[in-house]
Amino acid sequence: MVKILVTDPLHDDAIKILEEVGDVEVATGLTKEQLLEKIKDADVLVVRSGTKVTRDVIERAEKLKVIGRAGVGVDNIDVEAATEKGIIVVNAPDASSISVAELTMGLMLAAARNIPQATASLKRGEWDRKRFKGIELYGKTLGVIGLGRIGQQVVKRAKAFGMNIIGYDPYIPKEVAESLGVELIDDINELCKRADFITLHVPLTPKTRHIIGKEQIALMKKNAIIVNCARGGLIDEKALYEALKEGRIRAAALDVFEEEPPKDNPLLTLDNVIGTPHQGASTEEAQKAAGTIVAEQIKKVLRG
Ligand code: NAD
């Protein structure tokens with residue numbers, strides 16, 4: 001019987017699909033030693049982002065054929081080591097696009113209207129209507145960095161709010177931008193100068209690390225709001241902190257941080273910073289989709 005080891009919480013519907021093709025063992029919260037032991041005779045390993053599937057884990061596996069990542073990025077899996085051993089890695093890149101795009105819109109609105117700060121104030125028993133005066137999204141220019149799956153979903157939603165969209169993505173065809181109604185800008189600095197809101201939707205790579213740095217922040221409008229639901233390392237947090245502290249830009253709304261969970265991150269001491277603990281894909285729908293898409297792929301691989 002095929003042994004399927006699941007080491008992070010997985011949606012029930014995904015487990016049901018996996019049970020059609022093998023014996024499923026759900027073992028979450030394993031130590032590295034326990035994982036090294038359990039992986040030995042597993043044919044399939046299913047993870048989300050918690051389990052680190054490093055080279056030593058892969059090398060210990062004697063029967064492993066497939067690794068399923070119920071989510072988007074495969075940064076927690078040593079894909080090279082897996083490929084060397086002929087192990088197939090499958091993921092669900094589309095599963096969370098809408099959830100991340102919706103959180104992006106939520107954070108944009110929350111930052112523009114100071115919703116978290118106003119809620120906290122209200123709950124303290126205050127009734128301060130002047131302090132939380134916000135700005136509208138309507139008629140503003142949104143700069144979208146990265147026009148892939150999530151970026152495009154954000155564009156559609158921002159259009160419904162009456163925003164003008166400019167985009168920076170050197171790898172997408174002009175026609176795609178045109179069909180989305182996005183003005184493609186080939187210089188990120190130009191985008192930073194023109195945008196009222198800036199949102200990031202690129203992967204973190206050596207090329208995109210600190211794609212928003214001191215230079216780009218210095219070019220932004222005084223009322224600019226930055227939203228980051230992609231990866232923390234895309235923004236130079238030190239430069240962002242300085243700019244927010246000195247009021248050189250209006251606000252930042254962050255779902256991701258250079259270090260997660262953040263430890264003594266000064267950004268979190270600022271009033272004009274709001275955020276969530278990496279919740280982009282954390283919805284019932286996205287998790288169900290991520291699990292079931294990956295389970296179906298595993299089923300296909302096992303059935304050849
Ligand atoms: P995607 O691959 O569909 O799109 C990424 C886009 O970035 C592509 O169009 C690509 O051309 C563009 N790009 C690559 N390098 C670039 C560069 N140097 N400059 C400008 N554009 C560049 O990815 P996606 O599904 O839209 O996801 C985007 C990112 O969102 C992921 O890489 C991931 O880091 C993040 N994400 C976060 C969460 C969360 O929980 N907050 C969940 C899912 C994904």
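Atoms within a ligand are numbered from 1 in the order they appear, just like the ligands themselves. What you see is a predicted model; the values in this text were computed from it and never measured. Position 1 is the first residue of the sequence, and the numbers go up from there.
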Just jot down the ligand 1 atoms closer than 4.0 angstrom to any heavy atom of Ser96, in number order.
43 (C)

Shortest non-hydrogen contact from Glu237 toward Glu258:
OE2-N, 2.8 Å

Candidates Asp41, Asp43, Asp23 - the one meeting salt bridge (Lys or Arg N to Asp or Glu O under 4.0 Å) with Lys3:
Asp41

Give the atom numbers and elements of ligand 1 that come within less than 4.0 Å of a heavy atom of Ala230.
30 (O), 34 (O), 35 (C), 37 (C)

Got a salt bridge between Asp236 and Arg209, using NZ or NE/NH1/NH2 to carboxylate O under 4.0 Å?
no

same_hphob_cluster(Ile67, Ile88) at 4.5 Å side-chain heavy-atom cutoff:
no

What's the verdict on side chain to side chain donor-acceptor pair (under 3.5 Å) for Gln153 and Arg157, showing C-alpha distance, side-chain angles and the deciding distance?
CA-CA 6 Å; Gln153 293 293 345; Arg157 285 153 181 80; 2.7 Å; yes

Would you mind running through ligand 1 and noting each atom that sits below 4.0 Å from a heavy atom of His201?
5 (C), 6 (C), 7 (O), 28 (C)

For Asp196, is there an ion pair with Arg250 - N to carboxylate O distance below 4.0 angstrom?
no

Tell me which protein heavy atom sits closest to atom 18 (N) of ligand 1, plus the residue, atom name and distance to 0.1 Å.
Thr208 CG2, 3.3 Å

Protein residue, atom and distance nearest to atom 19 (N) of ligand 1, heavy-atom basis
Tyr168 CE2, 3.4 Å

Tell me: protein heavy atom nearest atom 20 (C) of ligand 1, and distance?
Pro170 CD, 3.3 Å

If you measure from atom 41 (N) of ligand 1 to every heavy atom of Leu254, Thr104, Asp255, Asn228, which option wins on shortest distance?
Asp255

Please write down residue, atom name and distance for the protein heavy atom closest to atom 15 (N) of ligand 1.
Tyr171 CE1, 3.4 Å

For atom 29 (C) of ligand 1, which of Val202, Asp169, Ile172, Val72 has the closest heavy atom?
Val202

Following the transitive rule for hydrophobic clusters with a side-chain heavy-atom cut-off under 4.5 Å over Ile, Leu, Val, Met, Phe, Trp and Tyr, establish whether Val74 and Leu204 coincide in one cluster.
no

Could you check Leu35 against Leu30 for side-chain contact (heavy atoms from CB on, under 4.5 Å), going step by step and ending with a plain yes or no?
CA-CA 6 Å; Leu35 176 62; Leu30 294 180; 4.2 Å; yes

Looking at Leu244, is its backbone amide N or carbonyl O close enough to the side chain of Arg248 to form a donor-acceptor pair, meaning the two atoms are under 3.5 Å apart?
no

Of the protein's non-hydrogen atoms, which lies at the shortest distance from atom 25 (O) of ligand 1, and what is that distance?
Arg149 NE, 3.1 Å

Hey, mind stepping through Leu107 and Cys229 against side-chain contact (heavy atoms from CB on, under 4.5 Å) and telling me if it holds?
CA-CA 9 Å; Leu107 286 176; Cys229 285; 3.7 Å; yes

Going by the order shown, which atoms of ligand 1 are within less than 4.0 Å of some heavy atom of Ala281?
40 (O)

Write out the residue and atom name of the closest protein heavy atom to atom 4 (O) of ligand 1, then the distance separating them to 0.1 Å.
Gly148 CA, 3.2 Å

Taking atom 26 (O) of ligand 1 as the reference point, the nearest protein heavy atom with its distance:
Ile150 N, 2.8 Å

Does the side chain of Glu215 come under 3.5 Å of the side chain of Asn189 through a donor N or O and an acceptor N or O?
yes

Given Cys229, Gly280, Ser282, identify the one with the heavy atom nearest to atom 37 (C) of ligand 1.
Cys229

Closest heavy-atom approach to atom 32 (O) of ligand 1 among Pro93, Pro203, Gly233 is made by Pro203

Can you name the atoms of ligand 1, numbered from 1 with element, that are less than 4.0 Å from a heavy atom of His278?
39 (C), 40 (O), 41 (N)

Number the atoms of ligand 1 from 1 as they appear, then name those within less than 4.0 Å of a heavy atom of Val100, with their elements.
38 (C), 42 (C), 43 (C)

